[in-house]
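Read through the structure below, which is laid out as structure tokens, and then see the notes.
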Amino acid sequence: MRAIVLSRQKFPFTTLFIGIFLGLFVVLDPFITNIIACKIELTIPILNKNIFKLYPYEISSFLFLIIIISIYIKKLATYIFLNTEKAFLVLYLIGVQTIALTRVGRIDSSEIIVIVFLLLFAAKYMVVHKKVTVTPFDLMNLLFTISVLLPTFNNGKLFDFLSSVLTVSKLLFIGFLLVTCIENKDNLIFFLKWFVIITGVSSVIAILQEIAYIVLGIPIVGFVDSEALRFMIEPTSFGNFLRVPAFLGSYKAFTFFANTAALIIFNYFLYKKLLSIKRRSILIISFLLILISIFLTFSKDAYLALFIGLVLSVLIWRPYFIFHLFFCGILSIIIIYLFDYIDDIQSIVYKEIHFGEYRVRLQLFREGVTGFLFNSPWFGVGVGDSPRYTGHFYKWPVHNSLVQAADEVGIVGLSIYFVLLCYTFYNTIKVCVVAKDESDKWISVGLLTGFITFITAIQFHPFFPEKFTWLYMGAVQAYVLVTLKRGLGIVKSNA
């Protein structure tokens, strides 16, 4: 009997151990400290404060991380400089999905990554004398920037103006860097792959958050304010549940990523033939985990948006299924009338509109539209100031991103924002039409249905302006440029 012995060189015990220990320390350190601080009251007599609340776990985790990676800093810096585009794509996706762990005031890790890589790209492009591609998307973003700054400039408030500059600059740079980084088909596949992987990890974290909340009664969601945390608790007939946000700081922002990742996986499964058992199993498990995490957000509009995306994906894949859908609709209407369910449906809709959640939403909508039309119709009141129109006790804005845009940046800004969305939608349709390789059509269809899903979702919530919007628009614009470089055809990839 022969025994196979792996040498230390072939099996990196030290690296594996350091990686596991570092991951556990960084992830568990703040949460264990928070749990101890909540459960144990150990007061220091002199300071009259709980000792565990004084423990600087953010600083300790950061210093520990720096000490560990200092050995690899040179190699890491070399890799990032040689693979700047891919490094940015991965790090930004990680940063934007860990906002609740890294936010300090109005700055989080994703924004620091954008600033660092913007400077890195500037230095690199000056060295290699590489040309920067300017597209209509960039020009419209520039016009949008001006439209956002105009109302705050007119108001004469310096702090609001600087705040608007910071907000819109982040969006402008996100779109620019994505278009710059996704310069070829391989980078596009790389971006979509890591988008799904990181969102899948966030889905697992979301499921674990729900389990922790049920078992411990503590919402382990990172650093979020009490107002946001209050809306993450969902009362049901089975007790309270957590509307899981992973570490994005909001369950709604999490649904944007989760819905898009689910549609990318679904379309990959539809269009890719002869998948191995291993890859097929990974896809199915990932898809189910993401679906479970979406369910645990208890977001009805996220369910609706995902359903629309899945149905459209199937109809684009096999157009003749539209007849099946039509007859299923007719059959449903017949069943509703035959069994007299129409009164029950009308009663549910009536209660929801007049006494339920949507009564408040409709009132916010009316106030937002009225305020926009009769106060500052052309340039708006400035980003973040739309609650002055609704007059809500908790300062809620209108729960519709397009009306919110009209309130905050007026007709001028809304028009440019709407053109940006329409331009992105047109591009997703165009790449679906011109894609020559059927095996890679999952990309174009996935981006198209994902964008429709996102547009559906923002009709029910105040997400103007939202990072995910510019992340998506930047990715679509990059895909269009990649497609055009291939002569309106798509080169086969290894994905």
Side-chain angles (χ1 to χ4, degrees), residues 93 97 188 191-193 195-200 202-203 206 244 246 248 250-272 283-322 324-326 328-329 332 400-402 421-433 435 438 440-461 463 466-476 479:
L93 286 173
Q97 295 201 38
L188 177 66
F191 171 75
L192 294 177
K193 180 176 72 174
F195 184 97
V196 171
I197 290 173
I198 295 170
T199 306
S202 292
S203 298
V244 293
L248 280 86
S250 165
Y251 69 91
K252 284 307 305 176
F254 173 64
T255 60
F256 297 156
F257 284 90
N259 279 349
T260 305
L263 289 170
I264 290 173
I265 295 174
F266 186 70
N267 282 282
Y268 186 90
F269 196 82
L270 290 179
Y271 288 96
K272 280 293 183 179
L283 285 174
I284 292 173
I285 293 171
S286 302
F287 185 71
L288 291 176
L289 287 173
I290 292 174
L291 286 185
I292 292 170
S293 65
I294 293 171
F295 173 77
L296 292 176
T297 61
F298 298 96
S299 176
K300 299 182 185 67
D301 46 280
Y303 302 160
L304 173 64
L306 180 61
F307 175 75
I308 292 172
L310 293 173
V311 170
L312 286 175
S313 297
V314 173
L315 292 180
I316 295 172
W317 177 56
R318 293 291 185 268
Y320 56 81
F321 278 153
I322 194 171
H324 299 75
L325 184 65
F326 175 76
C328 285
S332 300
N400 179 288
S401 292
L402 294 177
L421 295 177
C422 291
Y423 180 68
T424 303
F425 182 61
Y426 164 74
N427 281 334
T428 57
I429 294 176
K430 181 169 71 173
V431 291
C432 276
V433 173
E438 284 294 322
D440 278 329
K441 201 167 183 178
W442 63 273
I443 302 175
S444 52
V445 177
L447 290 175
L448 172 61
T449 55
F451 190 70
I452 293 172
T453 297
F454 173 67
I455 294 299
T456 303
I458 63 175
Q459 303 310 308
F460 302 94
H461 287 274
F463 277 93
E466 166 64 24
K467 288 181 185 178
F468 186 83
T469 311
W470 269 260
L471 184 150
Y472 210 106
M473 291 194 297
V476 170
Y479 183 40

(Q) The test is side-chain contact (heavy atoms from CB on, under 4.5 Å); show your working for Y472 and L447 and say whether it passes. (A) CA-CA 8 Å; Y472 210 106; L447 290 175; 4.0 Å; yes
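- Remark: side-chain polar atoms of T199 are not paired, donor with acceptor, to backbone N or O of V196 under 3.5 angstrom.
- When all heavy atoms of Q97 and F257 are compared, the pair lying nearest together is NE2-CD2, 3.5 Å.
- Note on residues 256-267: no pairs pass salt bridge (charged side-chain N to carboxylate O under 4.0 Å, His left out), not counting sequence neighbours.
- Interatomic distance, NE2 of H461 versus OG of S401, reported as 9.0 Å (0.5 Å rounding).
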Q: Take F463 and F256, measure what ring-ring contact (aromatic ring centres under 6.0 Å, His included) needs, and give me the verdict at the end.
A: CA-CA 11 Å; F463 277 93; F256 297 156; 5.1 Å; yes
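- Tested against L263 for a side chain to side chain contact (heavy atoms under 4.5 Å, CB included), the candidates I290, L306, L448 yield a single pass: L306.
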Q.
Working note: S299 + F460, criterion side-chain contact (heavy atoms from CB on, under 4.5 Å); need CA distance, chi angles, decisive distance, verdict.
A. CA-CA 10 Å; S299 176; F460 302 94; over 6 Å; no
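- Counting only heavy atoms from C-beta outward, the side chains of L421 and M473 approach each other to under 4.5 Å.
- Enclosure of atom CD1 in I322 is not indicated, since only 12 or fewer non-hydrogen atoms of other residues, nucleotides or ligands lie within 6.0 angstrom.
- A search for ring pair (Phe, Tyr, Trp, His ring centres under 6.0 Å) contacts involving Y423 returns nothing, not counting sequence neighbours.
- Applying the ring pair (Phe, Tyr, Trp, His ring centres under 6.0 Å) test to Y303 and every residue at least two apart in sequence or in another chain returns nothing.
- Proximity of D301 to T255: side-chain heavy atoms (C-beta onward) are nowhere separated by under 4.5 Å.
- Aromatic ring pairs are classed by plane angle as parallel below 30°, tilted from 30° to 60° and perpendicular above 60°; the pair H324 and F321 is perpendicular.
- Residues Y268 and L192 have side chains not in contact (no heavy-atom distance under 4.5 Å, counting atoms from C-beta outward).
- For F254, there are no ring pair (Phe, Tyr, Trp, His ring centres under 6.0 Å) partners two or more places apart in sequence or in a different chain.
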Per-pair distances, 0.1 Å, donor-acceptor, side chain in residues 449-459, under 3.5 Å, sequence neighbours excluded:
| from | atom 1 | to | atom 2 | distance (Å) |
| --- | --- | --- | --- | --- |
| T449 | OG1 | V445 | O | 2.8 |
| T449 | OG1 | G446 | O | 3.3 |
| T453 | OG1 | A305 | O | 3.3 |
| T453 | OG1 | T449 | O | 2.8 |
| T456 | OG1 | I452 | O | 2.8 |
| Q459 | OE1 | N400 | ND2 | 3.2 |
| Q459 | NE2 | I455 | O | 3.0 |

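- Minimum interatomic distance between N267 and S313 (heavy atoms only, all atoms of both residues): ND2-OG, 3.1 Å.
- The line from CG of N427 to SG of C422 is 11.5 Å long, rounded to the nearest 0.5 Å.
- Looking only at side-chain heavy atoms (C-beta outward), F191 and L93 come within less than 4.5 Å of each other.
- Closest heavy-atom contact between S203 and S293: OG-OG, 3.2 Å.
- Using a distance-only test at 3.5 Å, with no hydrogens or angles considered, no donor-acceptor pair links the side chain of Y271 to the main chain of I443.
- Considering CG of N259 and OG1 of T297, their distance stands at 8.0 Å, rounded to 0.5 Å.
- Residue pairs meeting the salt bridge (charged side-chain N to carboxylate O under 4.0 Å, His left out) criterion with at least one member in residues 310-319: none, sequence neighbours excluded.
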